[in-house]
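Since the structure comes first, as structure tokens, the remarks are kept for the end.
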Amino acid sequence: MRKRILALIGYALLAGALAACASGPSVSVPDTQPGDQIEGEYLIGEWCTNREETAASNQQAAFSGLLNVSPVFWRFGAEGTWDISVSGFLYESYGSWQVDGLNKLLLGKKSMEARPYQAEFKNGDLYLTDDKGQFTVLSRCD
């Protein structure tokens, strides 16, 4: 019985260590300008909608800062998958993503044509600008 308990504790510690390694180190993302090449590896991971920065950026561009920004939590997978969550815990598949050209990101919702966004990184945040010039700003989730 004692061996089983020790084995169970050992497996739990091993599982915890593997889970910690699974997330991997985050990639350091340099600031970019329009026209700079963005890399897909910059996007991989979990992002949170930065509501304050989204509102401020839209106000500076003469749009309303009062936006209902959703989804709140985004996850970009290495294989081009795009998942969302309202809680930050349970994610559901939402579509796909792909870097297209220098600073263009294509986001495609399930069974819909992908929409292009201009993507730019500032201070580690991801600024997405749609075809109307409106912003969505994402920050890394901790």
All side-chain contact (heavy atoms from CB on, under 4.5 Å) counterparts of S139, not counting sequence neighbours: N50, D125
ring-ring contact (aromatic ring centres under 6.0 Å, His included) against F121, all qualifying residues, sequence neighbours excluded: Y42
Sequence neighbours excluded - salt bridge (charged side-chain N to carboxylate O under 4.0 Å, His left out) pairs with any residue from residues 83-93: R75-D83
I'd like a table of donor-acceptor pairs (distance under 3.5 Å, sequence neighbours excluded) in which one partner is a side-chain atom from residues 103-120, with atom names and distances.
residue : atom : partner : partner atom : Å
K110    : NZ   : S93     : O            : 3.3

Of all pairs that satisfy disulfide bond (SG atoms under 2.5 Å apart), the ones with a partner from residues 84-114, not counting sequence neighbours: none
Any I84 side-chain heavy atom under 4.5 Å of Y91 side chain: no
Short side-chain to backbone donor-acceptor contact, N58 and F63, under 3.5 Å: no
Minimum heavy-atom distance W47-F76, with the two atoms named: CD1-CD1, 3.6 Å
Considering all heavy atoms, the nearest F73-S87 contact: CE1-C, 3.5 Å
Side-chain (T54) to main-chain (T136) donor-acceptor, under 3.5 angstrom: no
Residue pair L43 / R140: nearest heavy atoms and the distance that separates them: O-NH1, 4.1 Å
Heavy-atom pair with the smallest gap, counting every atom of V72 and R51: CG2-NH2, 3.2 Å
Salt bridge (Lys or Arg N to Asp or Glu O under 4.0 Å) involving D36 - partner list, sequence neighbours excluded: none
Side-chain donor or acceptor of W97 paired with backbone N/O of G77 under 3.5 Å: yes
Under the side-chain contact (heavy atoms from CB on, under 4.5 Å) test, residues paired with Q37 that sit two or more places apart: E39, V99, L102
More than 12 heavy atoms of other groups within 6.0 Å of D131 CG: yes
W74 side chain reached by T49 side chain, heavy atoms, under 4.5 Å: yes
Partner residues of Y127 under the side-chain hydrogen bond (donor to acceptor under 3.5 Å, both in side chains) criterion, sequence neighbours left out: E53
Worked verdict on D31 versus N123 for side-chain contact (heavy atoms from CB on, under 4.5 Å): CA-CA 6 Å; D31 285 356; N123 299 321; 3.9 Å; yes
Residue pairs involving residues 78-142 (criterion disulfide bond (SG atoms under 2.5 Å apart); sequence neighbours excluded): C48-C141
Nearest non-hydrogen partners of A61 and G133, listed with the distance: CB-O, 4.4 Å
